[in-house]
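Below: the structure, in structure tokens.
From a predicted model like this one, the values you see are computed outputs, not experimental measurements. Chain letters run A, B, ... following the sequence lines, proteins first and then strands; every chain starts at 1.
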2 protein chains.
Amino acid sequence: MDQAGERREPTMRDVAALAKVSIKTVSRVINGLPGAGTEVTERVRAAARSLGYRPNLTASSLRRADRRSATIGVLFEDLSNPFDAALLRAVEDHARRSGVLVLAGSTEDDHTLQRELLVSLSARRVDGVVVMAAGGHQDALQHERERGTPMVLVDRPPTFGGTDCVTTTNRDSSRAAVLKLAALGHRDIAFLGDRRTLWTSQERYTGYLEGLAQAGLTLREALVRTDLHGVAVAETATAALFDLDRPPTALFTAQNLVTVGAMRVLRARDLHRRVAVIGFDDFPLADLLDPAVTVVRQDVPGIGRKAAELILARIDGDTSPPVHAVVPASLVPRGSGEIAALS
Amino acid sequence: MDQAGERREPTMRDVAALAKVSIKTVSRVINGLPGAGTEVTERVRAAARSLGYRPNLTASSLRRADRRSATIGVLFEDLSNPFDAALLRAVEDHARRSGVLVLAGSTEDDHTLQRELLVSLSARRVDGVVVMAAGGHQDALQHERERGTPMVLVDRPPTFGGTDCVTTTNRDSSRAAVLKLAALGHRDIAFLGDRRTLWTSQERYTGYLEGLAQAGLTLREALVRTDLHGVAVAETATAALFDLDRPPTALFTAQNLVTVGAMRVLRARDLHRRVAVIGFDDFPLADLLDPAVTVVRQDVPGIGRKAAELILARIDGDTSPPVHAVVPASLVPRGSGEIAALS
DNA sequence: ATGAAAGCGCTAACAC
DNA sequence: GTGTTAGCGCTTTCAT
């Protein structure tokens with residue numbers, strides 16, 4: 001046996017020859033279509049089994065009227081990020097139940113890569129795509145969508161029309177988080193956010209502003225740090241905050257890696273028991289840190305399920321108006337967000 | 001614009017008609033093959049662009065001699081598990097650089113699901129598969145392999161021949177971990193492991209036994225707990241250990257979720273500063289816990305890269321003898337594994 | 001209930 | 001350089 005597999009794959013033709021029926025009859029049996037006698041059916045099945053016949057979905061879909069590949073594309077920013085991975089898993093589960101497989105790719109939040117991956121997917125004639133749009137313009141996505149490819153955006157909405165999306169309560173939950181901190185007596189609440197080009201970052205920042213306003217607090221620009229992509233950058237930014245003359249007494253960290261970076265610094269400076277932290281996005285082991293980290297948790301399985309439902313329905317021909325589904329996030333109090341201000 | 005895309009996709013035929021050349025010439029231009037005049041080439045390109053032509057890889061591969069779909073299947077236990085996700089990402093990266101896309105699926109360590117997914121992949125004529133084999137028998141994998149499908153197993157080796165695999169130094173690294181604990185004076189070192197049907201669990205247990213023996217310690221069966229699948233079960237088992245008359249003073253936790261469960265219990269019982277812990281498999285934030293968790297870290301990118309290299313080479317026709325690549329893991333000392341026994 | 005012929009979009013093999 | 005013919009494995013259409 002060698003790795004490259006020499007024997008020619010048996011085809012319906014071979015099965016037909018062995019079963020002494022026409023190729024069309026084989027097609028009927030393999031696809032479970034009516035119009036095949038019981039005895040003939042059995043003969044075909046036996047022939048297929050003995051030859052080791054396997055249906056060729058790619059040839060079938062080429063000829064079939066519906067042209068379905070029973071495959072969808074999923075393009076997320078980074079499949080190794082816990083949030084993306086959980087989302088992929090949720091989409092995959094629901095798709096599989098409909099016999100649909102997932103071609104998965106990481107865009108790295110890079111337009112060029114995103115476009116290349118879209119081209120690769122379309123060359124394989126996927127039935128639809130679920131995309132976490134790269135920040136900035138969405139030209140390639142819009143172009144693909146306008147060609148008629150069914151598309152659902154997750155986490156971030158489209159900047160063009162006619163397309164479904166699924167997001168969470170970024171603004172509302174952020175506002176609630178800030179209000180909670182304010183209620184604990186905090187007046188110097190910092191905002192630490194991911195890239196400003198990301199819609200989620202903007203929404204969470206807007207929620208932060210709304211929270212401050214609603215609590216009657218004034219914004220201190222010095223307490224706002226954005227474009228923190230990755231743990232390391234977040235650490236630097238957090239450290240800088242505590243070198244201020246009047247450092248914050250509470251942090252609202254608007255993304256999971258940012259939260260991690262912030263916690264590292266607080267721990268290093270032994271501030272973790274005095275400075276309150278609420279993070280957006282849950283992360284594994286948040287409950288095991290000291291203190292356990294209070295977070296706004298997105299309903300990732302819910303988002304994935306909704307995205308899968310939408311794309312599958314669109315593929316199935318659903319032409320109802322585009323939907324922007326909003327899946328509620330919830331505040332999970334664990335300790336870090338319940339630290340009161342020293343007054 | 002509606003979601004279902006009505007217009008018929010333009011084909012090479014359409015492009016040929018518009019450019020007033022034969023379809024074969026279009027094929028040459030699209031595929032960058034020689035034998036097309038400069039002026040004609042430009043005319044074809046223009047026609048393709050104006051029609052919005054997109055090559056159909058699925059039709060092409062049906063006809064082409066090599067029959068490549070430029071797609072591989074990746075079946076892991078759970079794509080939302082950090083280890084699996086990181087591995088997927090590594091494989092995906094390397095595959096993409098060769099123009100290969102990844103069909104990804106979670107087997108849930110379930111044979112039936114694994115077999116169904118294999119069938120789905122083979123119906124789509126993937127060029128090869130990278131699989132984290134479900135525990136127990138590997139009948140479906142062997143069957144698929146014997147059909148000639150290029151295959152690489154990761155994390156766990158095949159129980160049949162003629163197949164590449166990539167694993168880590170499970171036994172050696174486990175032995176080293178136990179020896180390290182013993183060197184710190186620990187004589188009651190517990191083993192907490194995942195499902196016994198998993199090869200990795202067995203290897204790590206064997207390494208544990210070797211470590212004990214080499215350190216001159218005798219095995220206490222009461223300190224061995226296996227089949228701990230998931231955090232919750234691991235917590236129960238850990239708690240039981242500390243209800244023993246002579247509880248362990250050190251733990252070797254042989255999987256990341258088990259480590260997390262154990263840390264939870266130690267924390268809850270305020271034992272985390274007295275009981276030493278070394279875990280197999282790193283996990284996010286292990287360094288932020290109190291104490292930071294000492295782990296045996298697998299080289300996940302290395303494993304993924306090797307697996308990708310192997311599968312791509314086999315697809316490319318490499319018929320050299322099967323390889324069992326072993327990617328070294330390393331011990332990452334962070335604190336929990338450096339707690340000495342009270343003597 | 002079964003089959004023959006045509007053709008999905010493309011490329012192989014061979015013309016010219 | 002360019003085109004023609006055949007056919008990949010399958011489904012469609014229409015016949016019997």
Side-chain angles (χ1 to χ4, degrees), chain A residues 5 7-45 47-48 51-71 122-127 147, chain B residues 5 7-45 47-48 51-71 122-127 147:
Chain A
R7 317 182 289 269
R8 194 178 61 78
E9 274 278 325
T11 72
M12 279 192 178
R13 210 188 157 96
D14 304 320
V15 176
L18 183 61
K20 305 210 188 303
V21 294
S22 83
I23 177 175
K24 175 70 230 196
T25 299
V26 176
S27 173
R28 289 197 180 96
V29 172
I30 296 294
N31 294 298
L33 296 176
T38 344
E39 195 248 345
V40 173
T41 299
E42 213 28 72
R43 229 167 58 223
V44 170
R45 292 232 176 88
L51 289 175
Y53 171 77
R54 299 182 304 177
N56 186 331
L57 186 69
T58 182
S60 154
S61 87
L62 179 62
R63 189 61 183 89
R64 253 193 345 262
D66 63 16
R67 281 323 206 359
R68 298 279 174 75
S69 59
T71 305
S122 95
R124 287 162 180 79
R125 293 301 189 268
V126 293
D127 300 329
R147 297 191 60 95
Chain B
R7 318 182 289 268
R8 193 177 63 77
E9 275 277 328
T11 71
M12 279 193 178
R13 211 187 156 96
D14 303 320
V15 176
L18 183 60
K20 304 210 190 302
V21 294
S22 84
I23 178 175
K24 176 72 227 193
T25 299
V26 175
S27 173
R28 289 195 180 96
V29 172
I30 296 295
N31 295 296
L33 297 175
T38 344
E39 196 247 345
V40 174
T41 299
E42 212 28 73
R43 229 167 57 222
V44 171
R45 290 233 176 88
L51 288 175
Y53 170 78
R54 299 181 304 176
N56 186 331
L57 185 68
T58 181
S60 154
S61 85
L62 181 62
R63 189 63 183 90
R64 254 194 345 262
D66 63 16
R67 287 312 186 56
R68 300 279 174 74
S69 58
T71 304
S122 94
R124 287 162 180 78
R125 294 300 188 268
V126 292
D127 299 330
R147 297 191 59 96

Quiz item: Among dC10(D), dC10(C), dT2(C), which nucleotide sits nearest the side chain of Asn56(B)?
Solution: dC10(C)
Quiz item: What closest approach, in Å, do Arg68(A) and Asp127(A) show between heavy atoms, and which atom pair accounts for it?
Solution: CA-OD1, 3.4 Å
Self-check item: Rounded interatomic separation in angstrom, taking CG from Leu62(B) and C1' from dT11(C)
Solution: 10 Å
Using a cutoff of under 3.5 Å, can you pull out all pairs of nitrogen or oxygen atoms linking the protein to nucleotides 5-7 of chain C, with atom names and distances?
{"from": "dG7(C)", "atom 1": "N2", "to": "Arg63(A)", "atom 2": "NE", "distance (Å)": "2.2"}
{"from": "dG7(C)", "atom 1": "N3", "to": "Arg63(A)", "atom 2": "NE", "distance (Å)": "2.7"}

Practice problem: Consider the side chain of Thr11(A), meaning its heavy atoms from C-beta on, and name the nucleotide among dT11(D), dC10(D), dG3(D) that approaches it most closely. | Solution: dC10(D)
Quiz item: Is the closest side-chain donor-acceptor distance between Thr58(B) and Thr58(A) under 3.5 Å?
Solution: yes
Quiz item: For DNA chain D, whose closest nucleotide is more 5', that of Gly35(B) or that of Arg125(B)?
Solution: Gly35(B)
Exercise. Give me the bend of the helix from dA1(C)-dT16(D) to dC16(C)-dG1(D), using the axes of the five pairs at each end, rounded to 10°.
Key: 30°
Quiz item: Is any side-chain heavy atom of Glu39(A) less than 4.5 Å from a side-chain heavy atom of Glu42(A)?
Solution: no
Quiz item: Which nucleotide in the list dG3(C), dC8(C), dT4(D) gets nearest to the side chain of Val21(A)?
Solution: dG3(C)
Self-check item: Side chain of Arg64(A) - closest among dG3(D), dC10(C), dT12(D)
Solution: dT12(D)
Quiz prompt | N-O pairing of Glu9(B) and Arg125(A) below 4.0 Å | solution = yes
Self-check item: Which nucleotide in dT12(D), dC10(D), dG3(D) has an atom nearest any side-chain atom of Ala65(A)
Solution: dT12(D)
Exercise. Determine the minimum heavy-atom distance between Arg67(B) and Leu62(B), stating which atoms define it.
Key: NE-O, 2.9 Å
Quiz item: The side chain of Arg8(B) lies closest to which of these nucleotides: dT11(D), dG9(C), dA12(C)?
Solution: dG9(C)
Exercise. Would you tell me whether Arg124(B) and Thr71(A) have side-chain atoms, one donor and one acceptor, within less than 3.5 Å of each other?
Key: yes
Exercise. Report the distance from atom CZ of Arg43(B) to atom P of dG1(D), rounded to the nearest whole Å.
Key: 15 Å
Quiz item: What is the nucleic acid contact for Gly37(B), judged by heavy atoms within less than 4.0 Å: base, sugar-phosphate only, or nothing?
Solution: sugar-phosphate
Exercise. Look at the side chain of Arg28(B) and the base of dG3(D), then say whether one donor and one acceptor between them are separated by less than 3.5 Å.
Key: yes
Quiz item: Mind checking whether Val15(B) and Leu51(B) have side chains closer than 4.5 Å, heavy atoms only?
Solution: yes
Practice problem: On DNA chain D, check which nucleotide each of Val40(B) and Leu33(A) is closest to and give me the residue with the more 5' one. | Solution: Val40(B)
